[in-house]
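Order of the sequence lines fixes the chain letters, A, B, ..., with proteins taken first and strands second; residue numbering starts at 1 for each chain. All values below were derived from every heavy atom in this structure, side-chain atoms included, with hydrogens, water molecules and symmetry-related copies excluded. Quick caveat, the model's predicted, so the values are computed rather than measured.
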2 protein chains.
Amino acid sequence: MALEKTTPIDRGRQSPTVVEIAKRAGCSIATVSRVLNRPEAVAIDLRERILRIVDELGYVPNGSARALRSSRSRLIGLIVPTLDAAIFTRMLEGLESRLAPAGASLVYSATGYDLDRETRVVRNLIEKGVDGIILVGSCHRKETLKLLREHRVRFAVTYALSDDTSIPSMGFDNRSGGALAANYLADLGHRHLAVIAGITRDNDRAAGRLEGFLTMAERRGIDRSSIVVVESPYEFSRGRAAAKIILNQNRNVTAIFCGSDVLAVGAMRGCKDAGLSVPRDISMIGFDNLDIAEYMTPGLTTVDVPARLMGEQAANYFLADNSSLDIHARVELETRLIVRDSTAPANDRQ
Amino acid sequence: MALEKTTPIDRGRQSPTVVEIAKRAGCSIATVSRVLNRPEAVAIDLRERILRIVDELGYVPNGSARALRSSRSRLIGLIVPTLDAAIFTRMLEGLESRLAPAGASLVYSATGYDLDRETRVVRNLIEKGVDGIILVGSCHRKETLKLLREHRVRFAVTYALSDDTSIPSMGFDNRSGGALAANYLADLGHRHLAVIAGITRDNDRAAGRLEGFLTMAERRGIDRSSIVVVESPYEFSRGRAAAKIILNQNRNVTAIFCGSDVLAVGAMRGCKDAGLSVPRDISMIGFDNLDIAEYMTPGLTTVDVPARLMGEQAANYFLADNSSLDIHARVELETRLIVRDSTAPANDRQ
DNA sequence: GAATGCGATGTAAACCTTTTCATAGCGCGG
DNA sequence: CCGCGCTATGAAAAGGTTTACATCGCATTC
């Protein structure tokens, strides 16, 4: 199943090219090209004549030819684990809002949290000639980075800060985010904690959030080994199931930290299923601060992530010319705790 | 602000091309090309020798050159109003799941519900050389369609069925969806209705849902002019505000139909703000059946939209070769009512 | 054993731009 | 009035692939 494999090219009356424009304007194609790319380099009257003809003919430049010759496609690849559940859409909007005015477009690909698939996707995007690639997280296959380096494709990492400072990243410290949650729960007097983390394998963000939470909990005097940890894919239904398991097996847990709002929303439902009330019986903290968090009942306390900002900053990086590149190459952003109604002082049962 | 405008091309030790492969394999570049595109046309041993060299050198074909020569880019443009709030992400996932295995990628653009911007975006995508474009809804500027036609770009419409049957569409009847909601509310005995519709100007989906609702309500004996209608952009906060306005000014309304789950989620909050309980005092119906609908408290009754399916069907259409094109050119899908806990028999106050 | 046809490979053109280098025109300082 | 430098334009090459067409060798058929 390939794209129009069988039939030959049939463009009938072809779209006009720069040759046609030049012929009508009585100038060379070089001049037409100049008008399109650096208008100020062409005398005003000739320029306007050409522009008029361009308009009349509805001429649209051929991006493939341009990309081939200039090796600049104005395409930026975006590789995210998934676009489900709006987790990454906020970043995407930030990216797009900056890229579109500059005439650049986003090529979207999903990996489904599979790093090998990520490698293939990167290859595919390089083949498409993208000028740059945006990745999520700083955990990638060696082959992925090799591909990127060998083909000299600009790339950046989001949703995390790369340990390797040579890798451009616009993100935040996931550990600090997790710590924020642990700290707040400790403040509220919770001693019996549980975590519904994302799958930490191959996922530095999920691992970081969990690690940050556990470390801070320990620092606040809670025995690390007493904390119940469950890992789940980021799906509502999985959060729900995880909460039920936790609550059935550990009747004394009074607070659950979730590695994503998606899990938290599911977990809140799981609590309800188990006949427990949030926040009276169980406090719940999420991560991401998705739009929906504010509209849940109760409103979800969560760790806010600068998603849109990351998108904008990544766009800045890809739009920067080589001279100002390093200025934009590392942007450290902050998470912050958004307190709503899903958290309350510990209410130890039994 | 343009992409690397200042600096010249500097690729240092260049990526290998088909010429290098041919040289090493001792064959012509045509044969290399054939191995890559129609392997079965090349003798097995030569083929494997070439493939080995391709692998060793980490050769990646230059998509721009391929696209230029073959006028096939394996890029599909997706134009949606927004990706916020996950309204269209389900369709996107459907698309991507089918496109990726075929080596095709999605170029994403947003219009922010602005049809003039849509025209510009279409131009931009044509310039990028996309093989096809996916639009949302069947309401577009004349210039948009002209652009598409003149440049012979395959395109299709989703989330609606085009009246013009010459326009490929994979969607559903928004009016039927609205009717489903009205019918159900009438069944439950509601007589005092309100609608929070999307902005209907330039939006056939929003208009269709509203129209379908009103028409069915009338058919069920409810005076059309008695129905309170408010239009709001698809944002949680706007739904919330709209609900408050409706409830303040019309104390006898017992049910609200929202043109999107986003509005409904906001409106449920608005009801709570107004001290009214859903569904005891007010029944609420949304539209879209977003994932989150199931996880709200109460679970949101809503009209399910075959989002993922539309994406898959659109992908099928773009992957089809010219001969089987018409088979996939029109796919009529169904909406259905998903009953949850946000609706109950009418409970007329005062 | 000649004619035919087919399968495998090579040659070279074409796709449409951008960009380098050359050229022409012109004003200006000496 | 010469030569210099600067600006506006043109000529032509280059970018990497696909593909129509030519070629060559070999097997098959009569």
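With distances taken from any side-chain atom of A/Leu46 to the nucleotides D/dT9, D/dT17, C/dT19, the minimum falls on D/dT9. Candidate nucleotides D/dA11, C/dA12, C/dT9 were compared by shortest atom distance to the side chain of B/Ile29, and C/dA12 ranks first. For B/Arg69, whose side chain is taken as the heavy atoms from C-beta onward, the closest listed nucleotide among D/dT9, D/dG16, C/dA12 is D/dG16. Of the candidates C/dA8, C/dT18, C/dG10, the closest approach to any side-chain atom of B/Ala43 belongs to C/dA8. Here C/dC15 is the nucleotide among D/dT9, C/dC15, D/dT19 with the atom lying nearest to any side-chain atom of B/Leu68. For A/Tyr59, whose side chain is taken as the heavy atoms from C-beta onward, the closest listed nucleotide among D/dT17, C/dT11, C/dT17 is C/dT17.
Counting to the nearest Å, the P atom of D/dT18 and the CG atom of A/Asn62 are 16 Å from each other. Straight-line distance from the CZ atom of B/Arg38 to the P atom of D/dT17: 17 Å, rounded to whole Å.
For the OP1/OP2 pair of D/dT18 and a distance below 4.0 Å, the side-chain nitrogens and oxygens of B/Ser70 include no atom meeting the criterion. Phosphate proximity of C/dT18 to A/Ser33: present, with a side-chain N or O under 4.0 Å from OP1 or OP2. Between B/Thr31 and C/dG10, a side-chain N or O to OP1/OP2 separation shorter than 4.0 Å is present.
Of the residues in residues 16-27 of chain A, those lying under 4.0 Å from DNA chain C by heavy-atom distance are A/Thr17, A/Val18.
At a threshold of 4.0 Å, the pair A/Arg52-A/Glu48 does not count as salt-bridged, since none of the basic side-chain nitrogens sits closer than that to a carboxylate oxygen.
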Short heteroatom pairs, N/O only, protein and nucleotides 21-28 of chain C, under 3.5 Å:
none

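Atom CE of A/Met310 is separated from atom CG of A/Leu95 by 10.0 Å, given to the nearest 0.5 angstrom.
With sequence neighbours excluded, the residues satisfying side-chain contact (heavy atoms from CB on, under 4.5 Å) with B/Val331 are B/Met170, B/Gln313, B/Leu333. With sequence neighbours excluded, no residue satisfies salt bridge (Lys or Arg N to Asp or Glu O under 4.0 Å) with B/Asp204.
Under 3.5 Å, the side chains of B/Asn124 and B/Ser109 contain no donor-acceptor pair of N or O atoms.
Under the ring-ring contact (aromatic ring centres under 6.0 Å, His included) criterion, the residue pairs touching residues 109-133 of chain A are A/Tyr113-A/Tyr234, with sequence neighbours excluded.
An end-to-end axis angle of 40° holds for the helix from C/dG1-D/dC30 to C/dG30-D/dC1, taken from five base pairs per end and rounded to 10°.
The shortest side-chain heavy-atom distance between A/Val60 and B/Glu150 does not fall under the 4.5 Å cut-off.
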